[in-house]
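First the structure, in the form of structure tokens, and then the observations on it.
Counting starts at 1 for both ligands and their atoms, in listed order.
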Amino acid sequence: MAYYYDEPSRTFNEYLLVPGHTPADCIPAKVSLKTPLVRYRKGEEECPISLNVPMVSAIMAAVSDDNMAVALATEGGMSFIYGNQTIEQEAAMVARVKAYKAGFVESDSNLSPEMTLGQVVELKEKTGHSTMPVTSDGTGTGKLLGIVTERDYRLSRMSLDLPVSEFMTPLEKLVTATEGTSLKVANDIIWDHKLNSLPIVDDEGNLKYLVFRQDYDTHKENPLELLDDEKRYMVGAGINSRDYAERVPALVEAGADVLCIDSSEGFSDWQKMTIEWIREHYGTDVKVGAGNVVDRDGFRFLADAGADFVKIGIGGGSICITRETKGIGRGQATATIEVAKARDEYFEETGIYIPICSDGGIVYDHHISLALAMGADFVMLGRYFARFDESPSHKVMVNGTYMKEYWGEGSARARNWGRYDLGGKKSLSFEEGVDSYVPYAGPLKDNMAVTLLKIRSTMCNCGALTIPEFQDKAKLTVISSTSIVEGGAHDVLLKDKTPYVSNVTN
Ligand code: IMP
């Protein structure tokens, strides 16, 4: 006979935290959000890889490319580059993150001397960048001949046909630095010469990078940056249980810090075989997460198989229709609570702590706090990150409002067979995700700052300065449907929803 659970399966929205005592020195500025990413012998050794904030971006084409990875690592989290692309493309994205030198920018708006002022204006509109190096071949790596900034031309006085060579600031009037110059020295040069940007050239005079005054300041403002031992940004990468024998070596070679098997349902022999292959070829040097599972049995299976972390969640993602199409899944809160218990039980038995990640279904910022309180070590988010400037998808205007496109890996648009296919004819496949829009929300940095402040504040309300302390002290309550209604603004007329407000004076 089928097994029936005693409790209904619940989502985050059905829970609240009950505040505990807040000591006077428990303030958001003192909260550490550092959290383990991979398995380790807790109490005996340091976790080999930790996150500085408990947020990672989803293994999705609409979310995690190299651009997102740099932006998120800057804030202390990690992206998992999407795996539904060729091995070469994915490895190239990983390599770009590892090669990215904070503060050193490869120029993407370049001119050749023959180009015209009209083309300068067009390029500026296209890229939004006003500093444009002029190189012999018009590429970002050609011989540097000069630079054009807004200070070099006046549209009201100059013909659009004028060639760049006639109004650029030529090389002999530029201050440049050679390859190998440190960011600190580059910044000193920028300040000493009152520059806005500094071209870095190689021995032959070819352009390598630009360093901008503003970027150095930004770099200094990011104390939580997630960096490896060589001060490069850390990045994860998605793999599947089909082509791992080719994909894993390419990603490892490209410098991926952690891998994650990306599957909608991870309680399978395929995942075990993938982990075993990695252990056989790389021992424990290559770190690999697995999932997704939603109960104790699934966790135990992947823990015993050697997974470095285990991801939780089936059917809770914003773009997910798995529950509708296949009738499988579990409320994300219930799944997280059960898997967290299984993780603690495993630790008691073996001394090995395997971090768990709550993946999908985070609708409000406070859901992240709930997931952490319930025992998640970190959360994976798709919709949240898809809304930002840094996500790879298009920004489009829909009914007068800016939106970003966001589609599921199981949608017809993604056709990510590695994640969903269990074999059989592709023509008979069905969708497990939708193609959608999410409201555009601007830069990742600004949004994450608010989200993280909310998490820190909640932790202080519960008297906790670290995530383990939070998990220890948290008191959680299921709330009634009436309390859920009361949880938002109610019985007032919201101003932004009110069509007319007469003159109001203070
Ligand atoms: P979100 O943060 O609620 O948008 O959920 C993101 C998560 O949904 C991802 O990390 C995946 O685990 C999951 N996911 C991605 N694409 C699909 C899909 O097409 N169907 C079902 N789940 C998906």
N/O of [X] under 3.5 Å from N/O of ligand 1, yes or no?
| X | result |
| --- | --- |
| G382 | yes |
| K311 | no |
| I319 | no |
| Y384 | no |

Checklist entry - Is R39 close enough and on-axis enough to Y346, meaning under 6.0 Å and within 45°, for cation-pi? => result no
Numbered atoms of ligand 1 (with element) below 4.0 Å of [X], judged on heavy atoms:
| X | value |
| --- | --- |
| M380 | 10 (O) |
| S318 | 1 (P), 3 (O), 4 (O), 5 (O) |
| T322 | 21 (C) |
| E432 | 18 (C), 19 (O), 20 (N), 21 (C) |
| R383 | 1 (P), 2 (O), 4 (O) |

Should the ring pair [X] and [Y] be called parallel, tilted or perpendicular, given that the plane angle runs from 0 to 90° and is split at 30 and 60?
| X | Y | result |
| --- | --- | --- |
| Y233 | Y100 | tilted |
| F12 | H367 | tilted |
| F301 | F267 | tilted |
| Y364 | H366 | parallel |

At the 4.0 Å heavy-atom cut-off, does [X] count as touching ligand 1?
| X | value |
| --- | --- |
| Y406 | yes |
| G361 | yes |
| S411 | yes |

Item to check | E432 side chain to T322 side chain, donor-acceptor N/O pair below 3.5 angstrom | outcome: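 Checked: E432/T322 side chains pair up, N/O donor to acceptor below 3.5 Å.
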Checklist entry - At a non-hydrogen distance cut-off of under 4.0 Å, which region of M60 contacts ligand 1 (side chain, backbone, both, or neither)? => result side chain
Item to check | Validation row: F80, M78 side chains within 4.5 angstrom (heavy atoms) | outcome: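 A side-chain contact under 4.5 Å exists here.
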Item to check | Residue pair M273 / S241, side-chain heavy-atom distance below 4.5 Å | outcome: no
